[in-house]
Amino acid sequence: METLIININEDLLEEQLRIPAALLSKGENVAFPTETVYGLGGNAMDERAISGIYEAKGRPSDNPLIVHISDKSMLNQLAVDIQPYAYELMDAFWPGPLTVVLKKNPNVSNKVTGGLETVAVRMPSHPIALELIKLSGVPVAAPSANLSGKPSPTRADFVIEDLNGRVACIVAAGPCEVGLESTVVDVTGAFPVILRPGVITQEQISEVAGYCSVDPALMDKTESTVPKSPGMKYKHYAPDAEVSVYTGDVVKILKLFETLTIDSVKQGKKVGLMLFDEDLLVFKELQKSWLDTWVDQVVICSEGSSKQLDTFAKNLFSDLRDMDSIGCDLILIHGVSEASIGQAIMNRLEKASEGRVYKI
Ligand code: TXA
Ligand code: MG
């Protein structure tokens, strides 16, 4: 299949998005940016478009899709029996990176929901996503625009790498601001339950709804509890490199990273380090000359300040993907505590490291 790639700038959106919107309403698949990650869209009410999504991604058909809307008036055709507190959450966080799981309207195909009686819905805040959905005039089902098993794409070049030739159109724009997929919250019960952590935190949801719990399967590192969100049970992206994540005492972590890096480089390996600005300052002050000598063997990604974790969230997937394509053998990551947005960051790092998370 020939893929139409359209590079968009953010003026005159309507004119630039007319063709991709027409493709969507005709049942074709179109990848587009959202504020979280790029999505691969299809008309949620058209089974052919839904099959196209699963096929293009190579995604298991029991893993349901999130339906994206541009206006709350689109909710009624998707969901029924929406609770007052669910509306309060939508009012507080939409448009934005929150997905609500609602009781589904019988109109919605089982193909979208993976056979579940619920449907996941989100109103993204990215102007291109909103305008594209509005112009297409249909709710747009869209999983992340990666091949199944690869990380969610946060830049257009990753989408092109994965989906060129597999979809009708790719709407290419700048990198995604948030960088992690939306928080998925089940709002069908008496109180909200987080099924997938994201940058909208448990505290923020509790503040609006009075209380919020987290699916116990997310906390169970032994993976013996079945998660409520089908997507959370699949093996997620892990780079070819061996990834290890360390949290705890900063001095110990930096000493260990230095020893492991020096040993690995001496064995001819390439090492990737994901560090905070504060860590780099410490290395610089201690005049660690290996940082300058081994520029070809040691790749350093700066994750911003440890006190401001949105940069870490934004860079996480693209840094892992970049370090993988550079050919790093070992990736060492300075982790964070599982509070607030740290819960979402550590959830993704747990998967990328295949559980190699250590507290020292
Ligand atoms: O930020 C995002 O959410 C991005 C952008 C494109 O919007 N989308 C995204 O979609 O991450 P996807 O398909 O990669 O992840 C959707 C997650 C999966 O874990 C899926 O199992 C879960 O949402 N999900 C979808 N429908 C559900 C439902 N009815 N009940 C429980 N979990 C559901
Ligand atoms: Mg995904």
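When a residue number appears, it is its place in the shown sequence, counting from 1.
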Run the side-chain contact (heavy atoms from CB on, under 4.5 Å) check on Y87 and L75 step by step: do they pass? CA-CA 11 Å; Y87 281 114; L75 266 178; 4.2 Å; yes
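- A heavy-atom distance below 4.5 Å is found between the side chains of T36 and R122.
- Here the SG-CG distance, from C301 to N315, works out to 8.0 Å after rounding to the nearest 0.5 Å.
- Donor-acceptor pairing under 3.5 Å is recorded for the side chains of S182 and T99.
- A heavy-atom distance below 4.5 Å is not found between the side chains of S206 and Q204.
- At most 12 non-hydrogen atoms from other residues, nucleotides or ligands lie less than 6.0 angstrom from CD of E207.
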side-chain contact (heavy atoms from CB on, under 4.5 Å) between K314 and E177: does it pass, once the steps are laid out? CA-CA 6 Å; K314 179 174 177 175; E177 260 322 296; 3.3 Å; yes
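- Counting heavy atoms from C-beta on, the side chains of E354 and E242 never come closer than 4.5 Å.
- The shortest distance between side-chain heavy atoms of L180 and V37 does not fall below 4.5 Å.
- Placement of V167 and I5 within a single hydrophobic cluster is found when ILVMFWY residues are connected by side-chain heavy-atom separations under 4.5 Å, directly or transitively.
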With ring pair (Phe, Tyr, Trp, His ring centres under 6.0 Å) as the criterion, how do F283 and F257 come out once you've worked through the C-alpha distance, each side chain's angles and the decisive distance to 0.1 Å? CA-CA 11 Å; F283 276 144; F257 280 13; 8.1 Å; no
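- Between F158 and Y38, the distance from one ring center to the other does not fall under 6.0 angstrom.
- Rounding to the nearest 0.5 Å places NE2 of H126 at 11.0 Å from CG of L132.
- V187 is connected to V208 through a chain of hydrophobic side-chain contacts under 4.5 Å among Ile, Leu, Val, Met, Phe, Trp and Tyr, so both are in one cluster.
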Which is it for E181 and F317 under the side-chain contact (heavy atoms from CB on, under 4.5 Å) test, yes or no, and what are the steps along the way? CA-CA 10 Å; E181 308 89 343; F317 284 137; 3.6 Å; yes
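- Residues L102 and F191 do not share a hydrophobic cluster, defined by chaining ILVMFWY side chains whose heavy atoms lie under 4.5 Å apart.
- To the nearest 0.5 angstrom, E303 atom CD is 9.5 Å from L280 atom CG.
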